[in-house]
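Every value quoted in this text rests on a predicted model; they were computed, and no experiment measured them. Chain letters run A, B, ... following the sequence lines, proteins first and then strands; every chain starts at 1.
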Amino acid sequence: MSTKRNTFRHRTLPYLLIAPQLVVTLVFFMWPAAQAVIQSFQQEDAFGLSTTWVGFQNYQALFADPDYLNALKVTVVFTLGVTAMSLGLALLLALAVDRMVKSATVYTTLLVWPYAVAPAVSGVMWWFMFNPTIGIFPYLLRMVGYDWNHGLHGTDAMILVVLAASWNQISYNFLFFVAGLQSIPASLREAAAIDGAGPAKRFWTITLPLLSPTTFFLLVVNFVYAMFNTFATIHATTQGGPAGSTNILVYKVFNDGFIGLNLGSSSAQSVVLLFIVIALTVVQFAWVERRVQY
Amino acid sequence: MAAITLESVGKTYAGGVTAVHAIDLAIEDGEFLVLVGPSGCGKSTLLRMIAGLETISSGAVKIGNRVVNQVEPAERDIAMVFQNYALYPHMSVRENLAYGLKNRGVPKDEIARRVAEAAKILEIGGFLDRKPRALSGGQRQRVAMGRAIVREPAAFLFDEPLSNLDAKLRVQMRGEIKQLQARLGTTSIYVTHDQLEAMTLAHRLVVLNGGRIEQVGTPLEVYRKPASTFVAAFIGSPAMNLLQAEVSGGRVRLGGASLPAPGAAEGKVTLGLRPEDLQRTRPGAEGALLMNVAYVEELGAQRLVHGTVGGQSLVCAQPVESDLGDTLTLTADPAAVHLFDAASGKRLG
Ligand SMILES: Nc1ncnc2c1ncn2[C@@H]1O[C@H](COP(=O)(O)OP(=O)(O)O)[C@@H](O)[C@H]1O
Ligand SMILES: [Mg+2]
């Protein structure tokens, strides 16, 4: 980091320069967030004509609502599924590329491409591939005797959204893992090889521990991604169904607020999500401060 | 403990670079052999082939009586000390030392005994529970050595283990490595680009140039009878003077001077004279070298006089209290006159 300090002659210039970013943040982030907090303490009548102050009633109703508790459970399963899947596959791919001598850059480039595909587009792609009537995978699965139908079976739907959401994120994780692996000196693995550790043992006792800063960073990023950035994926594939089996918290906020028009409950849900983000960020920063492990 | 034999060992990298050309070398059991040469001459490649970290393109490497070309590094019964030490940063010093033993299924109490012993030998007992990053460069160096000796291997391989240390520590660790090897008697191959390190440590040293052996011999042999101009210029500090000269009638002539020529060479040669072998003689002496002094470097113990003889640059070492004029009259003992073929650079006589 540079310690060089530039001084401006005009007192107002620095403020002018950061003003656009500040305005965007205030108008599109702070203002709606404040609105959400206020609305979460209010209730609107069915016609949207009057609002009444109801205190914590929205929150109480929320945590008594079986649908909300279900969404909470679905979110946990979905988030863990996406994180495990996208971290696991990304690490496998990164390890494979790390061993490659010749065409590593070609593979790296190819593996990064999915990241450039918009989540909605990849969602539709997965929707086609898994479409019970025209999709290739249900066709193949039927041959081994499995009747795939994510429109009817909650588990199938969950597998589909986990796959679709992971696919987008693998590229991102992959890049970080490749960089992480490259920062481990080859001599460490060589020393371990001389010290009698086979490839598997080297991975568990040397590579993985030394990757832990990268892994932890990605863990938090993937949690945030799965919980908050997968709206488009869900919207393009299952729309939260069947019977709420893929209705994650973020999707439920949208559903209850914009479809169900229950703004009070929807706002309360947003505020809960806000606290989850804050908690994750605090954990992340606390960990970065400690510089992880060794 | 074991002898190590290289039989026309060569290495060509995937890119087509031939780093090592068919090298034959026999390292005796218990010997301290130093591979020395300039950066890029293939020292590390050769060492890494012996360790099993690099595939062998041609020839055979034997440890003991066993050809190890296809043997995994772990099964070669060698230990290696890396230039950057390669300590496992997430493990304590104790765990670093124990790692290789644990992987080999050595019983716990035996591991504890060997770690304690290595810690005592290397005086690292005080920080067994620290992580490597909490150690100084010299301490890390000791831990790296410790990791090698706890294994009690058949051979130690060192790849420039001292080049990350400051000058003073390097000299100290050099001495310790020498004593340690003498005490343990383990066959050792030590790679360095530093000729002084090579001279001081080696039982025998191997001078490498461009992937080929230039000379093998004890430090004194190599110093006294360099096999080529390359070795002559590489071994010894300050470096040997190499001058173009001509031999006729049993005398080497350059400029107006002439020195007794060893052997039966004739015609154009390269004359090698070590700065420390040049002595002053009385002005006007028959056949003496007349040196024009350009400048003087004070080294404390001696002074180095830089100048020219017959238009070619020359360095000579002189005692500090000597009074120098603009010219020096120099001569050399016949035994100190080295002659090399002017074209090939090979030693003559
Ligand atoms: N992995 C590699 N791939 C291709 N060429 C290499 C590789 N490692 C070393 N070389 C080349 O082989 C030659 C010898 O390298 P090295 O053994 O490291 O030399 P030294 O240790 O004597 O400095 C150099 O020309 C170097 O560029
Ligand atoms: Mg080297």
Worksheet item: What part of Leu87(B) lies closer than 4.5 angstrom to a heavy atom of chain A: side chain, backbone, both or neither?
Response: backbone

Discussion item. Given heavy-atom pairs under 4.5 angstrom as the criterion, report whether the side chain, backbone, both or neither of Tyr88(B) touches chain A.
Written reply: both

Where do [X] and [Y] come nearest, in terms of heavy atoms and distance?
| X | Y | value |
| --- | --- | --- |
| Gly196(A) | Asn103(B) | O-CB, 3.6 Å |
| Ala74(B) | Ala193(A) | CB-O, 3.3 Å |
| Leu210(A) | Pro89(B) | CD2-CG, 3.4 Å |

Item to complete: Select, from Pro132(B), Ala134(B), Gly100(B), the one with the greatest count of heavy-atom pairs under 4.5 Å involving chain A.
Response: Gly100(B)

Worksheet item: Got a sec: does the CZ of Phe203(A) have more than 12 other heavy atoms crowding it under 6.0 Å?
Response: yes

Item to complete: Could you tell me whether Asp166(B) atom CG has more than 12 heavy atoms of other residues or ligands within 6.0 Å of it?
Response: yes

Worksheet item: When Ile194(A) is tested against each of Arg151(B), Arg76(B), Glu72(B) for side chain to side chain contact (heavy atoms under 4.5 Å, CB included), which residue passes?
Response: Arg151(B)

Response to the item:
Distance col, row Lys201(A):NZ vs Lys102(B):NZ, nearest 0.5 angstrom, shows 8.5 Å

Discussion item. Let's go through Glu190(A) and Met80(B) carefully: what are the C-alpha distance in whole Å and the side-chain angles of both, what is the deciding distance for side-chain contact (heavy atoms from CB on, under 4.5 Å) to 0.1 Å, and is it a yes or a no?
Written reply: CA-CA 9 Å; Glu190(A) 290 171 352; Met80(B) 185 152 165; 5.9 Å; no

Fill in: Inter-chain contacts: residues 104-117 of chain B against chain A, heavy atoms under 4.5 Å
Arg104(B)

Item to complete: Would you please test Tyr99(B) and Thr205(A) for side-chain contact (heavy atoms from CB on, under 4.5 Å) and show each step?
Response: CA-CA 10 Å; Tyr99(B) 185 73; Thr205(A) 57; 2.6 Å; yes

Worksheet item: Is it the side chain or the backbone of Ala186(A) that comes within 4.5 Å of chain B heavy atoms, both, or neither?
Response: neither

